[in-house]
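Whatever order the structure lists ligands and atoms in, that order sets their numbers, starting from 1. Not measured: the values here are computed from a predicted model.
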Amino acid sequence: MNEFINDDFLLQGERARKLYHEHSANMPIIDYHCHLNPVHIATDRRFDNLGQLWLEGDHYKWRAMRANGINEKYCTGKKTTDREKFEKWAETVPYTMRNPVYAWTHLELKRVFGISKILNPSTAAEIYEEATALLQRPEYSARGLMKKFKVEVVCTTDDPVDSLEHHLALRDEGFEIKVLPAWRPDKAMAVEDPEKFRNYILELSAASDIAISSFETLLEALRKRHQFFADAGCRLSDHGIEHFHADDYTKKEIGEIFKRVNSGRNLTWDEISKFKSAMLYELALMDFEKGWTQQFHYGAIRNNNSRLFRKLGPDTGFDSIGDFPVAKTLSRFLDSLDNDGKLAKTILYNLNPSDNEMIATMAGNFQDGTAPGKVQFGSGWWFLDQETGITNQLNSLSLLGLLSRFVGMLTDSRSFVSYPRHEYFRRILCNMLGDDVEKGKIPASEIDFLGRMTEDISYNNAKNFFGF
Ligand SMILES: [Zn+2]
């Protein structure tokens, strides 16, 4: 019987196998958006055991365990051991069939550790011991794992106040993988909570050495930090937003709104939206001036379970897909920048798959011939980076834009063993294109061009687009 994760996993025809094995599989990885902790790379973190490696911060696994009736103490508990958590995960895995974590778990076992066994309670102990023994070897450190997967560039996610000390140390040391910061100024827009915002303004004042007392000085401080990020090699910004804001506003209004929130007073929804509109616009200008790419991850409704949010905090597995109306404000936002001749390269990631066609066509409105695929429909994100989500994103992009110019996959992960998700994506891509050839939708004579196209989407397009 064939192994589950065999050479032809997800590849159903001769052409799909050729495209994957002869082209896409050979390309290095550019992981242009992730949430790795740079200190773990700088210090070359070692992992004690498979339980720690897999369950320390993985809210995908925690959600599956909770849905399987596993007690919270085995997900986020401080008193349970890594081994106990792993055993509960192993017990859950057979119940996750058809959920992407089932495929990812076995892809990671195979590609990281060379383990072909299927994880379940009867194999749990031997898999735990075998993987844990391998983790003691130097090539299984954070850096070792990055090298193993031929990673060339990673972009982490960093706040404007971050010192970037670990990025700078890695650069000075000459570490062969580029570990670059990415600019994520969400807190500078979060005026819903005046108390938190004011504290953030103090941090930003300290980091920039600029006394922030007005909207103008806030922008000045952000511009100084933006330059600092650029000097550290940053080429991308990223915004985590529920939806876009593109209200009309005057500088005077924004100045007054800033003063109000910075004195601790609550703002109205109108004022919040005006402030966010101004901020998104000004931040977009900074990105344009530096030649960066701006990314927008929108559409998540976060911290839905307030009881568990109070207990466990954010990013613990209680976020889901929202249904915000976006097309009109997004159009206005992009149009105002385009009108001023200041629209940076842009990637739009929607979390609600019902927005796929809207985003694919919206991107087309602002292609201006200055760069191939200047406005990108981003890869299937978060709940959508599974076979159906990836396939649907690739289909919408193909049908309404140019798949060939797509900058491709990213892990968006906190883990050093998520790189097989690039393989997972590449196999789906190659299978889709190979299948089109088998069915006569693409001429078989163009197989070499298709091969290069899979190489481009896997690697070359990202390399050329971002200019690292
Ligand atoms: Zn992210």
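Here His166 and His40 keep their ring centres 6.0 angstrom or further from each other. Here the two rings, on Tyr140 and Phe47, have centers that are 6.0 Å apart or farther.
Restricting His35 to its N, O or S atoms, the one at the least distance from the Zn ion (ligand 1) is NE2.
In this structure, Lys463 is not positioned above the aromatic face of Phe468 in the sense of NZ or CZ being under 6.0 Å from the six-membered ring centre and within 45° of the axis.
Among the atoms of His297, no N, O or S atom falls under 2.8 Å of the Zn ion (ligand 1). Using a cut-off of 2.8 Å, one finds that Asp412 contributes an N/O/S atom close to the Zn ion (ligand 1).
Heavy atoms from other residues, nucleotides or ligands lying under 6.0 Å from CG of Asp323 number 12 at most.
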